[in-house]
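So the structure is just underneath, and the comments pick up after that.
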2 protein chains.
Amino acid sequence: MSPSPNDQALVAIPEPTLKRLPYYYKSIQGQREAGREFVSCTTLAEALGLNPIQVRKDLQATGAVGRPKVGYHVSTTLDAIEECMGYHNTKDIFLVGAGHLGQALLAYPGFSEFGFNLVAAFDVDPTKMETEFAGKPILDASRLSDLVRRMHVQIAILAVPATAAQAVTDTLVRAGIRAIWNFTPTRLAVPKGVLVQDENLLASLSVLSKQLESSRAKSHKESIHGEPEEL
Amino acid sequence: MSPSPNDQALVAIPEPTLKRLPYYYKSIQGQREAGREFVSCTTLAEALGLNPIQVRKDLQATGAVGRPKVGYHVSTTLDAIEECMGYHNTKDIFLVGAGHLGQALLAYPGFSEFGFNLVAAFDVDPTKMETEFAGKPILDASRLSDLVRRMHVQIAILAVPATAAQAVTDTLVRAGIRAIWNFTPTRLAVPKGVLVQDENLLASLSVLSKQLESSRAKSHKESIHGEPEEL
DNA sequence: GTTGAGTCGATAAGTTTTTATCGATATGGA
DNA sequence: TCCATATCGATAAAAACTTATCGACTCAAC
Ligand SMILES: NC(=O)c1ccc[n+]([C@@H]2O[C@H](COP(=O)([O-])OP(=O)(O)OC[C@H]3O[C@@H](n4cnc5c(N)ncnc54)[C@H](O)[C@@H]3O)[C@@H](O)[C@H]2O)c1
Ligand SMILES: NC(=O)c1ccc[n+]([C@@H]2O[C@H](COP(=O)([O-])OP(=O)(O)OC[C@H]3O[C@@H](n4cnc5c(N)ncnc54)[C@H](O)[C@@H]3O)[C@@H](O)[C@H]2O)c1
């Protein structure tokens, strides 16, 4: 099946690109505030410590077009990113688990910048139920299923203890949730069609620590074998 | 340069593999608790929703060896992962920024499982300084540089406002930090040799939300073009 | 004008990561 | 004892992602 013209938007943007777009967005916003009207891949790459060619490809994926020798028009490009990422569409979100991590998320004002609206949190702890935190209501988790269904909420944040992760997931899925942002260290079993984005913080820290160890071993070996390597 | 035998440990393990290892570790621990002595890639993959071949390759990277038809010896394999990831080496860590997110991390008991020891937090807020949170001291940020140096701390968590991110980074780098786990939405400029692991939470959420939108568009198109596709 | 340099877009090459294939080996039952 | 089967390890193929190359375009300076 050859791609027809209006398939363009359907060619999925690679995940690494999606993760970089917010950096471009923020950086270009900075340029706008500084009064600049155009920005080049070279400049962006410089500012963000990335490869200019990669920046160009990423921007291309959003539909932004640039002009040779000039660069990308700041406002137009910001619009392209917003449009591509849907920063303007309001997306309601529920948080399940208003513990330490959940409360940090509740207090975070940054969600709205990208169109997210953290509507409410849910918890089983009676001392938290029917209270507020950072202006957001914490509701009885027994109401979760009903409210997901009634409000057609599509995205949920999972910040419950690992032991409760799969059970809560099953509830969410039955209620019709479409995507789960998972902070628990559990691999969730979900039916096809439900998306899960794992945010396994400890795993990321382990990666960092392991890479640190490897880089030490490497530089040690280099110093033995006499390859100076220090630009 | 052809790899000599004892280069094995120096062939860097791919980052995606490193991120999956904690899942295997936890899953195999579960098997041990259930009294099983061997576990196969097939079983592991089933439990974690992964590809069996990928599981095998990942385990291979840790140095674990299995036996055909039998699988991997549970205890031996756990040891291999621990050894590979350095779960036994204690790694001291400083946290900079004891705000909402920082406090959630301070309260998190899971770090020790992988050998991390969150020693102390640092903040500029006078009302937080010289207090404790979850049994961990919150110290005056002006002491950060000195203590990094004196205690030879190599890893820091960055959980300060974005506006302070680069300045704090510079301080850490000057004091000799080797790795930064960065929760701010800023791309940090660091000299070669200093590692940064970005944990851009909003970017991850954006990815999820964009993929959700795409999957909706896709299934809509499929329903129009009459490709049922529902296994 | 003409020239020169900075930048884009398209295409190609390279690298990394995932998935597939296949022979070898161990186990349990015929 | 032999055979069927599950599984591993090694190697190869495929896919995804990053980096390089090159012609074309635009602007500014001469
Ligand atoms: N805190 C961190 O820094 C951190 C770091 C990495 C991972 N995590 C993971 O994030 C998750 C939450 O961590 P935390 O530190 O906030 O834990 P927490 O114990 O502070 O909070 C968990 C909350 O979930 C609630 N809860 C329990 N069962 C529930 C259910 N069935 N429905 C709704 N709510 C329920 C509890 O009442 C509690 O308020 C855990 O899985 C943890 O492993 C946390
Ligand atoms: N809270 C969240 O859920 C969340 C989500 C995504 C990203 N983040 C990012 O994490 C970072 C921290 O978020 P937060 O919600 O904890 O913010 P916060 O405002 O609650 O906490 C920031 C803390 O850093 C301290 N601080 C400021 N300057 C400092 C300095 N120079 N040295 C040491 N400490 C300093 C402040 O006193 C404050 O206690 C921010 O960059 C934010 O964008 C947070």
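Reminder, nothing fancy here: chain letters follow the sequence lines and each chain counts from 1. Since the model is a prediction, treat every value here as computed from it, not as a measurement.
Taking the ring-ring contact (aromatic ring centres under 6.0 Å, His included) definition, one finds that A:Y24 meets it with nothing, sequence neighbours left out. Partners of A:A47 by side chain to side chain contact (heavy atoms under 4.5 Å, CB included), not counting sequence neighbours, listed by chain and number: A:S27. Not counting sequence neighbours, the partners of A:N117 by the side chain to side chain donor-acceptor pair (under 3.5 Å) test are A:D92. With sequence neighbours left out, the side chain to side chain donor-acceptor pair (under 3.5 Å) criterion links B:Y108 to no other residue. Applying the side chain to side chain donor-acceptor pair (under 3.5 Å) rule to B:N182 yields the partners B:T184, B:D198; only residues at least two apart in sequence or on another chain are considered.
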- Per-nucleotide protein contact string for nucleotides 4-18 of chain D (B base, S sugar-phosphate only, - none; heavy atom under 4.0 Å): -BBBBBS------SS

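The ring-ring contact (aromatic ring centres under 6.0 Å, His included) pairs that include a residue from residues 180-202 of chain A are A:W181-A:F183, where partners are two or more places apart or lie in different chains. Pairs of residues two or more places apart, or lying in two chains, that qualify as salt bridge (Lys or Arg N to Asp or Glu O under 4.0 Å) and include a residue from residues 12-27 of chain B are B:R20-B:D58.
Applying a 4.0 Å cut-off to non-hydrogen atoms, none of the residues of residues 29-38 of chain B approaches DNA chain D.
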